[in-house]
Undergrad: 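Sharing a structure, written as C-alpha cells. Questions coming.
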Amino acid sequence: MSINIPKDHPRYHSLLNREKIIEGMHNKVVAPAGLIAHGRGEAFDYLMGEKTLPSAHTAIRQAAYALLTAKHPVISVNGNVAALCPELLVKLANTSGAKLEINLFYREPGREEAIEAVLKKHGAKQILGTTERATATIPELSSDRRRVDPDGILIADCVFVPLEDGDRTEALVRMGKTVITVDLNPLSRTAHTASISIVDNIIRALPLLIENIEKNKHKPDTLKQKYDNKKILAAAITEMAQYLTEKAKDQNQ
Ligand code: PTJ
C-alpha cells in the first residue's frame, strides 16, 4: 500500500478500496481506465447510501440459484475485481464449483500474468482464459473480450461477469447463456442486458452471494422465486430515489 490510511478515518473502507485499485494499476492488474470505472462506481454507491438495497438481495438470491443449478458456471475476472476482492472470487469459485476465467477488455502485455499471480496467491488452482488458452471467440464482438477459453466461457451455460461492458453481456445473452452481473450503475447497458443484475458494490455483494450459496448448496430449490430482472432494476432505481428523498428531507430540517 502506498499510503497509510488511519483506521479511524471516516472513509477508511472507501479509501482502502481506492488504494487497492491504484496499487493494482501500478502492478498491471488494473487498466488505467479501471480508475475511471471505479470512480463512477463510487459515485453511484454514494447515491444508495453505500448499503445493499433490498432489490439487490433478491438479485443475489437469484444469482445463487443460477450458479448452483448451472452445469458449467464460469466467473469472468477482470482487473478491477482482481484488485478489489481476489480472495472472494476464489471463495466463490470453490463454493459454487464455478471456474475462474480471466477476460479483459484491455488485453495489454503483462496484465493476464499479473492477474493470474494475484488469483494464485489467494489459492486459485485452475485459471482459464490466459493467452495460450483463450483461443475461441465470441461471435459478433470486436473488443478483446471476444477471446475466450474453449473450456470456459465458450461452453458455459451461466457466466458471472461483474463490472462488465454492455457489448459482451449482449453477446453472451445472444449465445443463450444466463449472464449475472454486479454493477453499481442501474442505468448501464450491462445492467439492462444481463439476465440477473445485482446493483451493488462487488465488495458487499460477493460475501452475500457466497453466504447464499453455502447455505443452500444441497437444496438450491429453496432459492427458487419469481424473478423479473426489469422489475429488479426499476426497484433499484426507486430505492435509490427514496434514499435521496430522505437525504433531501434531512437537509431541510
Ligand atoms: O480489466 P479490464 O481490461 O477488463 O477493464 C475493466 C474495466 C472496468 C475498466 C472495463 O470493464 C470498463 O471500462 O468498464 P465500464 O464500462 O466502465 O463499466 C464498469 C461498471 O462497473 C460501471 O458501470 C461502474 O459503475 C461499475 N463499478 C465500478 N466499480 C464497482 C462497480 N460496480 C460494482 N462494484 C464496484 N466496486
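Bear in mind that the values here come from a model prediction, so they are computed numbers and not experimental data. Every number for a ligand or one of its atoms is a count from 1 in the order of the listing.
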Undergrad: Around atom 8 (C) of ligand 1, find the nearest protein heavy atom and jot down its residue, atom name and distance.
TA: A37 CB, 3.7 Å
Undergrad: Which residue and non-hydrogen atom of the protein lie closest to atom 34 (N) of ligand 1, and at what distance in Å?
TA: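 Scanning the protein heavy atoms, the shortest distance from atom 34 (N) of ligand 1 goes to I202 N, 3.0 Å.
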Undergrad: Which of the numbered atoms in ligand 1 are below 4.0 angstrom from a heavy atom of N185?
TA: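 With N185 as reference, the close atoms of ligand 1 come out as 23 (O), 25 (O).
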Undergrad: Number the atoms of ligand 1 from 1 as they appear, then name those within less than 4.0 Å of a heavy atom of L84, with their elements.
TA: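 That gives atoms 36 (N) of ligand 1.
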Undergrad: Test your reading of the model: is there a side-chain donor-acceptor pair from K217 to the backbone of T95, 3.5 Å cut-off?
TA: yes
Undergrad: When you measure from atom 2 (P) of ligand 1 to every protein heavy atom, which one gives the shortest distance, and what is it?
TA: F105 N, 3.6 Å
Undergrad: By the definition side chain to side chain contact (heavy atoms under 4.5 Å, CB included), identify the one residue from L208, L67, L223 that meets it with I213.
TA: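 Testing each of L208, L67, L223 against I213, the sole residue satisfying side chain to side chain contact (heavy atoms under 4.5 Å, CB included) is L67.
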Undergrad: Only one of V159, L163, D165 clears side chain to side chain contact (heavy atoms under 4.5 Å, CB included) with V161; which?
TA: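 For V161, the side chain to side chain contact (heavy atoms under 4.5 Å, CB included) test succeeds with only one of V159, L163, D165, which is V159.
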Undergrad: Work out whether the distance between some heavy atom of E42 and some atom of ligand 1 is less than 4.0 Å.
TA: no
Undergrad: From atom 25 (O) of ligand 1, work out which of I36, D183, T190, I21 has a heavy atom at the shortest distance.
TA: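 Nearest option to atom 25 (O) of ligand 1, by heavy atoms: D183.
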Undergrad: Less than 3.5 Å between some nitrogen or oxygen of L184 and one of ligand 1, yes or no?
TA: yes
Undergrad: Using a strict threshold of under 4.0 Å (side-chain N to carboxylate O), is an ion pair present between E87 and K91?
TA: no
Undergrad: Look only at interatomic distance and state if H38 has a nitrogen or oxygen under 3.5 Å from any nitrogen or oxygen of ligand 1.
TA: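 No, H38 has no N/O under 3.5 Å of an N/O on ligand 1.
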Undergrad: For R107 and ligand 1, answer yes if some heavy atom of the residue is under 4.0 Å from a ligand atom, otherwise no.
TA: no
Undergrad: Purely on distance, is any nitrogen or oxygen of R111 under 3.5 Å from one on ligand 1?
TA: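 Yes, R111 has an N/O under 3.5 Å of an N/O on ligand 1.
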Undergrad: Using a plain distance cutoff, I'd like to know if G34 has any nitrogen or oxygen under 3.5 Å from a nitrogen or oxygen of ligand 1.
TA: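 Such a contact does not occur with ligand 1.
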Undergrad: Any chance the side chains of R168 and N103 put a donor and an acceptor closer than 3.5 Å?
TA: yes
Undergrad: Does I203 reach ligand 1, in the sense of a heavy atom lying below 4.0 Å from it?
TA: no
Undergrad: Could you identify the single nearest non-hydrogen protein atom to atom 15 (P) of ligand 1 and state the distance to 0.1 Å?
TA: R40 NH2, 3.8 Å
Undergrad: With heavy atoms of E164 as the reference, note each atom of ligand 1 found under 4.0 Å away.
TA: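 Counting from 1, the qualifying ligand atoms are 18 (O).
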Undergrad: What I want to check is whether the side chains of R107 and T131 have a donor and an acceptor closer together than 3.5 Å.
TA: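 The answer is no; no qualifying pair exists.
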Undergrad: Looking only at heavy atoms, what is the nearest atom pair of V118 and A82, with distance?
TA: CG1-O, 3.6 Å
Undergrad: Purely on distance, is any nitrogen or oxygen of N80 under 3.5 Å from one on ligand 1?
TA: no
Undergrad: Any idea which protein heavy atom is nearest atom 36 (N) of ligand 1, and the distance to it?
TA: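 Residue, atom and distance for the closest contact: N201 OD1, 3.0 Å.
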Undergrad: May I ask you to say whether D45 pairs ionically with R40, meaning some side-chain N is under 4.0 Å from a carboxylate O?
TA: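 No, D45 and R40 are not salt-bridged.
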Undergrad: For S55, is there any backbone N or O sitting under 3.5 Å from a side-chain donor or acceptor partner on E239?
TA: yes
Undergrad: What I want to find out is whether E246 reaches K249 closely enough, with some N-O distance under 4.0 Å, to be called a salt bridge.
TA: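 Salt bridge flag = yes for K249 with E246.
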Undergrad: Between G79 and ligand 1, is there a nitrogen or oxygen pair with a distance under 3.5 Å?
TA: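 There is such a contact, yes.
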Undergrad: Is the shortest distance from atom 30 (C) of ligand 1 to a protein heavy atom below 4.0 Å?
TA: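 Protein heavy atoms within 4.0 Å of atom 30 (C) of ligand 1 - there is at least one.
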Undergrad: Flag the pair K28 and E108 as a salt bridge only when some basic side-chain nitrogen lies within less than 4.0 angstrom of an acidic carboxylate oxygen.
TA: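 No salt bridge links K28 with E108.
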Undergrad: Looking at ligand 1, would E108 count as a contact under a 4.0 Å heavy-atom criterion?
TA: no
Undergrad: Charged N to carboxylate O below 4.0 Å: is that the case for D149 and R133?
TA: yes
Undergrad: Among T169, D167, D183, which one satisfies side chain to side chain donor-acceptor pair (under 3.5 Å) with R189?
TA: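 Considering T169, D167, D183, a side chain to side chain donor-acceptor pair (under 3.5 Å) with R189 is found only for D167.
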Undergrad: Would you call E50-R11 a salt bridge at under 4.0 Å N-O?
TA: yes
Undergrad: What is the closest protein heavy atom to atom 6 (C) of ligand 1, and at what distance does it sit?
TA: N78 ND2, 3.7 Å
Undergrad: Can you list the ligand 1 atoms lying under 4.0 Å from a non-hydrogen atom of D200?
TA: 33 (C), 34 (N)
Undergrad: So which heavy atom in the protein is nearest atom 27 (N) of ligand 1, and how far is it from that ligand atom?
TA: L163 CG, 3.8 Å
